[in-house]
Amino acid sequence: MAESAFQLVSEIGTQLGRQTRSGKDSLLKLLKQAANALSEIEQPSTSEAARKLEAIKNLEVSTKPLRKAIVHGLLQHKDKEVRLLVAICISEIFRVMAPEPPFEDKYLRDIFKLIVSIFAELADTASPHFSRRVKILETIARCKCCVIMLDIDCNDLVLETFNTFFSVVRENHQRSLINHIISIMTHIINEEASQTLLDVILRKLVKDGKGAPCASYQLAVSIIQNCAEKLEPFICGFLTNCILDRDAVENELKEFYHEIIFQIFQCAPQMLLAVIPNLTHELLTDQVDVRIKAVNLVGKLFALPKRHVAQHYRDLFLEFLKRFSDKSVEVRVSALQCVKAFYMASPFGTESHEVITALEDRLLDFDDKVRTQAVIVACDLARSNLKFVPPKLISQTSERLRDKKIIVRKKAFHKLIEVYRDYCNKCSEGHMTISDHFEQIPCKILMLCFDKDCKEFRSQNMELVLAEDLFPVLLSVAERTRHWIHLFSLFTPLHVKALNSVLSQKRRLQKEMQSYLALREKEKETSSEEMQKRIKTSFMKMAALFPDPSKAEDSFHKLNQMKDNNVFNSLALLLDELKIADAQTIRDKFLKTVGDRHPHFEFLSSLSSKCSHNIFGSEHIQCILEHLSDNRYGTKLLEASSAKLLLAIISIFPSLLRGSEAQLRMLIEENRKINDKLIEVLAKAAPHISVKLSDIYPILERVCREGSRIEAKFSVAAIAAFGGVSEQFIFSKLCKDLVVSLHAGQNIPTVLQSLGCVAQYSVSAFEAQDGEITSYIYEKIFRVDSSDNINSYNDASGCTSSCKLKIYGLKTLVKRFLPHRGTHARRQIDELLDILSNMLQKGDAFDGIITCENDKAHMRLAAAKSVLQLSRRWDLHISPEIFRFTILVAKDSSLFVRRLFLDKMHKLLKEHVIPSRYACAFALGTSDCPKDLQDDSFKYMAEFIKEYSREARIRQSSSVQGGAITDYPAYIVVFLIYFLAHDTGFPSENCPEEEIYAQFCSPLFNLLEALVNATVVDGDMDLVNDALLLLLSIFRAIKKAEDVVDARNTPRLHIIADFGFSFLKSLNHNDASSAHAPALILLPSSFFRAYSGCLNQSPFNDCFIKKPITALPKRGRKCQEDNTKLAIIESNTLYLASSEKVDLSTTEVETRKNMRQDITVGHRQKQGVSSESVRLRECSINHQHSASKKSKRVLEKEPLSSCDSVTRLSLAESHISVQTLERDALSLKENVRASSNVVSDPPKYSKAEAKDTCSLNESNNKSETLIGQRIKVLSPIDRCFYSAVVDGYNSQNNTHKITYDSGEVEVLSLESESWETISNSLLVERWSKGNYWY
């Protein structure tokens, strides 16, 4: 067979050599025969050299004609089929004659060009010739003849071969074909690798590696893996040069070397062992763009799964971590973008923990872009791995909802909602359990209701968030209720307040909408101008509950003009439907009917949402009650939270309880720990549910006798709510039963509570038993010695049981005088006031009762609270003595009593249920108290001044209500001065020490500071100026009045007024007329009367009056750099409007001249003080504010550091303390506390240690050497050092000008301060670099 094949090949070669102009068909026929014949010939395989040599010679002879025909004509043929068959013949010749080249070198180039051109057609897999081309590729790969191109210096052909292979390889090629290509390319590189070939491979690696990997990319990867040893020197050299000096590299691929590193590391990481450590150089370079690229590359390397790159290259990882605090914002952002992939690659590794810590730090970055990116990364990381995300990361990310920048708050808001929705889905699917740190997200989101800077977060928009955005759309009501119950276990009173705000607004709109729909129906029958006004007013009220009120009001007017009754009918249905699912069905149908092309579709969509019960519905109530019912079987989980949630919902939407009455009654009958909440729910829902009092009364009556005090309170309220026409009879019967229980000694605290509540709801029912009840309390409770049960302390209250019982009895007596529903008690209150006076002074109701000191403190507190409660209606009857003793509780010997009294008074003043004069007790709390109590007193005082100042202005400008000077917070100074004048601690006239007077008057000074503090009223200088003018007039009025109770105290009143006047003078250096001071000052006639004698000269001269002001203790550091602390006045000047400047240096002559003005007794004003008043004429205040037109703000808000949370400055956390004041300058730079002597640590450089004999000049020289020196100064308030620079020295008064890092400037005598220098070494170096590594 072989012989015939040899012969046939020879004959065909001879024929081809003879046919110079043969036709294509005959040529193709001969070439096919030749190819077939060659395929039958095998390489000589004999082991005998002689025979092998003979066989080779036969091959050469047989193929010589064909080879000659190929090189002399067939290579140049243009026809593709001919060229293909020629290439097949060539490949077969190479095969049979291997390893020797069958053609001369001069022909090999053209031969390989033909072969490469055939390879270029491999992409066409549909061609009928594809299999022949593959056969050629296979043959060439097996005989390795392509390396011959290197021997004949055909490097361009080698390059073309590589490019051809990369261009033709396809994903649908058979693996064998790709292996042949890899074999050819590998053989060439192993024979002779070069940078040129490497560039071809790398180009495909980076350009085709983007996106989904293609066949050419996979081919490049295979080549690199197969030829790693040969290519490594070229790759390492190229990449190292790019890292160290990219500009010197002359290769276009230098722009992609980071991507090259990443791609090679994925396929052959061992090749880069010498390259990766060099990336540290790029992380440290000064070029920001290089650092960014290096961070991105290193981040991707560390994120490669199962490679543990960060562990293997620890030094590189540590440098990468430092990029999170890089001085460049862009670099820090880039580092953050690498966190998620890094963490997901190895969530439990040590390095991942370090990266998460770096991420948490960036959440507090000073740049908002970095904080925003940190929020995005943290939330994306949480969503990718909810189960294992660190709780601290979620918590800190949630804090960005309070960021100072709105853009950060918005991004945190949207990203955290996404996280919470994913978490809810996981919980509903059973993959996760409810977790506190995720439930904190809606808690923080709800607090955004108090964000006044961003409309998106206001309660008008928060309704939509709670209804549609917070939970996944498909989450069931039961699942939503589970989350709400858990949320309430985390809620603080502020959270409840925010939720109530959202729900209350929704309820107000629903009620107003119902009223409008009713008005609209009436308007159809009788239209009138009055009806139109009512409709317009209704629109204004409803529009205020939309994000854009003006736009909403306009939409309401357009709605009113619509003729389609279906719209209004649908809205009415939504208002009546209590089930969420049904309401949603109605709303969807309504919006579909309206159509999204309707001009008012957006408004109608929003309105229909607000009208429907889309946050809470009757299904929620059923779920909550079912949850509580399930607890009967032993699971007490979140029972209290369920009750709180139920109460919160029913308080706003009581009708939602319809249909669940029986279930609620069953729960109440079980007498559970949460019965107080359940009974309160019943009381609130009573008018809206179908329950008869006769069915529920036995349960409520039992609770009034046997339940807790709080349960009894709500039980009486529930009876009153259900009572109706039979209420009087029911309460009379209840009251009799309670009196029987009282005499029987059964559960006396609860019975007393029930009787007190009955007295409030039914005066007549209680009056029938009043004598018997009062007698019992006096004889059986008040006259009992606490020594009888001195060891029976009540754990909760800290007092004895008898003391507690006395307090309960007192509360019952007080409630007799505070009936509900506007009923006026027709009783004499004097006897009760005498008891309260005795309690306030002696700690018990009657003399001769043996009581321990602890019980006396509790009785004083109870009496003071009772006075506050009675002042709601009986303030006219409260004498100055009782008022003074009540206020004195703010200085009680028991700190516990002080705290509770001030907290209670703050609550009542905030609710506007007691007269404002009691607020002067806050001033007493700012002095001679522990720091935390002082801080709270300052906070309460600031809140009172801010709120009541604005309300006084509103009443002053209201044409309906009118207003009075007594409405202004400054008026409480009248009562504080009176209190101080009657204080037993008033310094004697012979006291020469101004410090004692400064200490004694510190409450007044603290109050005056707060009243003229622009920051307290958000920089409203009109309010500050009005307060200042009113204070001046008050002091002058008091100087012309005397004490009604004890005229001997009149000089004290005048002295304190002088001190106050002097203090205000020290705050102001503007001298002008007082033309706009008030013309009429009303002083309460129960405290003051017009001075009947001659106006005596003050026992102290002007010089002494000023001494307590200058003797006020120094605070130490002006800038405390705690932005939650409030600086009283941080500017150097209090700007008064030019038209209302006041001459604060009014002489005694002017004072006497003003005495000629009329002093008359006036009638009590509608909104004046609670007692008759002495009308003392003074300069008038312009209540139309013509004197001050929005004066220039005294205070520029101190910028918060960018990582600070959004907080509102409040006096609660501030040190409003008596200022260090300089004569003729309004400089409230340093807050001081008049009540405490601030003692600092012994200074390292103070008072010259021991005064030596150095001259003054030498001392000055030493002081001048500090100029330019960095020091840190100790603040005695918070015991912290604050860094600063010494900018100047005044040798005349031995003071230095200090500029703090915060920008604040202060003049200090360093001899009297605690300070030390900062070394010029590492600390100074790091400070100069901004504390960032680079």
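Quick note: numbers below take in every heavy atom, side chains included, and nothing from hydrogens, waters or symmetry partners. Just so it is clear, the structure is predicted and the values come from calculations on it, not from any experiment.
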Note to self: Here's one to test your reading of the geometry: is the NZ or CZ of Lys426 within 45 degrees of the ring axis of Phe438 and under 6.0 Å from its centre?
What the structure shows: no
Check: Less than 4.5 Å apart, any side-chain heavy atom of Ile434 and any of Tyr423?
Finding: yes
Next item on the list: Taking all heavy atoms of His613 and all of Leu575, pick out the closest pair and write down the distance.
Entry: CE1-O, 3.9 Å
Check: For Cys443 and Phe491, what are the C-alpha separation, side-chain angles and deciding distance, and is it a side chain to side chain contact (heavy atoms under 4.5 Å, CB included)?
Finding: CA-CA 7 Å; Cys443 292; Phe491 270 13; 3.7 Å; yes
Notebook entry, point to check: Can we say Asp1020 and Arg953 salt-bridge, meaning some charged N sits less than 4.0 Å from an Asp/Glu carboxylate O?
Noted result: yes
Notebook entry, point to check: Do the side chain of Ser398 and the main chain of Ile394 share a donor and acceptor less than 3.5 angstrom apart?
Noted result: yes
Check: Lys589 versus Ile586: any side-chain heavy-atom pair under 4.5 Å?
Finding: no
Next item on the list: State, yes or no, whether a side-chain contact exists between Leu604 and His598 at a heavy-atom distance under 4.5 Å.
Entry: yes
Notebook entry, point to check: Any side-chain heavy-atom pair from Lys692 and Ile696 closer than 4.5 angstrom?
Noted result: no
Note to self: Can you see whether Gln584 engages Asp588 through a side-chain donor-acceptor pair at a distance of less than 3.5 angstrom?
What the structure shows: yes
Notebook entry, point to check: Counting only N and O atoms by type, is there a donor-acceptor contact under 3.5 Å from the side chain of Lys405 to the main-chain atoms of Thr372?
Noted result: no
Note to self: One pair to check against salt bridge (charged side-chain N to carboxylate O under 4.0 Å, His left out): Arg534 and Glu530. What are the steps and the verdict?
What the structure shows: CA-CA 6 Å; Arg534 291 175 63 184; Glu530 178 64 24; 5.3 Å; no
Checklist line | Within 6.0 Å of CD in Glu529, more than 12 heavy atoms from elsewhere | finding: no
Next item on the list: State whether the side chain of His620 and the backbone N or O of Gly617 hold a donor-acceptor pair below 3.5 Å, judged by distance alone.
Entry: yes
Check: Can any side-chain N or O of Ser459 pair as donor or acceptor with the backbone N or O of Val502 at less than 3.5 Å?
Finding: no
Check: Can you name the nearest heavy-atom pair linking Ile674 to Leu628, along with the distance?
Finding: CD1-CD2, 3.5 Å
Notebook entry, point to check: About how many Å separate CG of Asp548 and CD of Glu553, when rounded to the nearest 0.5 Å?
Noted result: 11.0 Å
Check: Do Lys946 and Glu943 meet the salt-bridge criterion of a basic N to acidic O distance under 4.0 Å?
Finding: no
Checklist line | Exercise: do Arg587 and Ser608 side chains pair donor with acceptor under 3.5 Å | finding: yes
Check: Does the side chain of Lys536 reach to within under 4.5 Å of the side chain of Gln532, using non-hydrogen atoms?
Finding: no
Check: Does NZ or CZ of Arg520 lie under 6.0 Å from the centre of the six-membered ring of Phe568, at an angle within 45° of the ring axis?
Finding: yes
Next item on the list: Inspect the contact between Lys579 and Glu619 and indicate whether a charged nitrogen and a carboxylate oxygen are less than 4.0 angstrom apart.
Entry: no
Next item on the list: For the residue pair Phe539 and Phe556, categorise the inter-ring angle as parallel (less than 30°), tilted (30 to 60°) or perpendicular (more than 60°).
Entry: parallel
Checklist line | Residues Glu512 and Ser538: side-chain donor-acceptor under 3.5 angstrom | finding: yes
Check: Side chains of His431 and Asn425: donor-acceptor distance under 3.5 Å anywhere?
Finding: no
Checklist line | Minimum heavy-atom distance between Lys610 and Lys506, given as atom pair plus value | finding: O-NZ, 3.1 Å
Check: Near Lys444 NZ, under 6.0 Å, is it more than 12 heavy atoms from other residues, nucleotides or ligands?
Finding: yes
Check: Is it true that a side-chain atom of Thr585 and a backbone atom of Ala581 form a donor plus acceptor pair closer than 3.5 Å?
Finding: yes
Notebook entry, point to check: Quick one: are Lys713 and Cys757 in side-chain contact, heavy atoms under 4.5 Å?
Noted result: yes
Next item on the list: Measure the CD-CG distance between Gln460 and Leu545 for me, rounded to the nearest 0.5 Å.
Entry: 7.0 Å
Check: So with a 6.0 Å cut-off around CD1 of Ile407, is the heavy-atom count from everything else above 12?
Finding: no
Note to self: If we count only N and O atoms by modelled type, under 3.5 Å, do the side chains of Glu639 and His627 hold a donor and an acceptor together?
What the structure shows: no
Check: When rounded to the nearest 0.5 angstrom, what distance separates CD1 in Ile485 from OG in Ser641?
Finding: 8.0 Å
Item checked: Rounded distance (nearest 0.5 Å) linking atom CD1 of Ile624 with atom CD of Gln663 -> 11.0 Å
Check: With a 4.5 Å heavy-atom cut-off, do Arg658 and Ser618 have their side chains touching?
Finding: no
Next item on the list: Apply side chain to side chain contact (heavy atoms under 4.5 Å, CB included) to the pair Ile417 and Ile441, showing each step before the final yes or no.
Entry: CA-CA 8 Å; Ile417 279 184; Ile441 293 175; 5.8 Å; no
Next item on the list: Would you name the heavy atoms of Cys611 and Leu571 that are closest together and state the gap between them?
Entry: SG-CD2, 4.4 Å
Notebook entry, point to check: CE of Met562: more than 12 outside heavy atoms within 6.0 angstrom?
Noted result: yes
Next item on the list: Look at the side chain of Gln373 and the backbone N and O of Arg371, then say whether any donor-acceptor pair between them is shorter than 3.5 Å.
Entry: no
Check: Quick one: CH2 on Trp484 to CD on Glu479, what's the gap to the nearest 0.5 Å?
Finding: 15.0 Å
Notebook entry, point to check: Should the pair Arg665-Glu669 be classified as a salt bridge under the 4.0 Å nitrogen-to-oxygen rule?
Noted result: yes
Margin query: Under a 3.5 Å distance rule, please check whether Ser489 uses its side chain to pair with a backbone N or O of His486 as donor and acceptor.
Written below: yes
Next item on the list: Test Phe714 against Leu700 for side chain to side chain contact (heavy atoms under 4.5 Å, CB included), laying out the working first.
Entry: CA-CA 9 Å; Phe714 292 123; Leu700 298 178; over 6 Å; no
Margin query: Would you compute the distance between atom NZ of Lys677 and atom CG of Leu667 and round it to the nearest 0.5 angstrom?
Written below: 15.0 Å
Next item on the list: Among Leu646, Leu645, Leu647, find the residue that satisfies the side-chain contact (heavy atoms from CB on, under 4.5 Å) test when tested with Phe488.
Entry: Leu645
Notebook entry, point to check: Nearest heavy-atom pair of Leu591 and Ser605: which atoms, and what distance?
Noted result: CD2-CA, 3.7 Å
Check: Among Arg409, Arg458, Lys410, which one satisfies salt bridge (Lys or Arg N to Asp or Glu O under 4.0 Å) with Asp451?
Finding: Arg409
Checklist line | SB check Lys340 Asp380 (cutoff 4.0 Å) | finding: no
Check: Given Asn614 and Ile580, is the side chain to side chain contact (heavy atoms under 4.5 Å, CB included) satisfied, shown in steps?
Finding: CA-CA 6 Å; Asn614 53 1; Ile580 286 184; 5.7 Å; no
Notebook entry, point to check: Any side-chain heavy atom of Val465 sitting closer than 4.5 Å to one from Phe413?
Noted result: yes
Item checked: For the student: nearest non-hydrogen atoms of Val691 and Phe722, plus distance -> O-CE2, 3.5 Å
Next item on the list: Using atom types as modelled and distance alone, determine if a side-chain donor or acceptor of Ser384 lies under 3.5 Å from a backbone N or O of Leu381.
Entry: yes
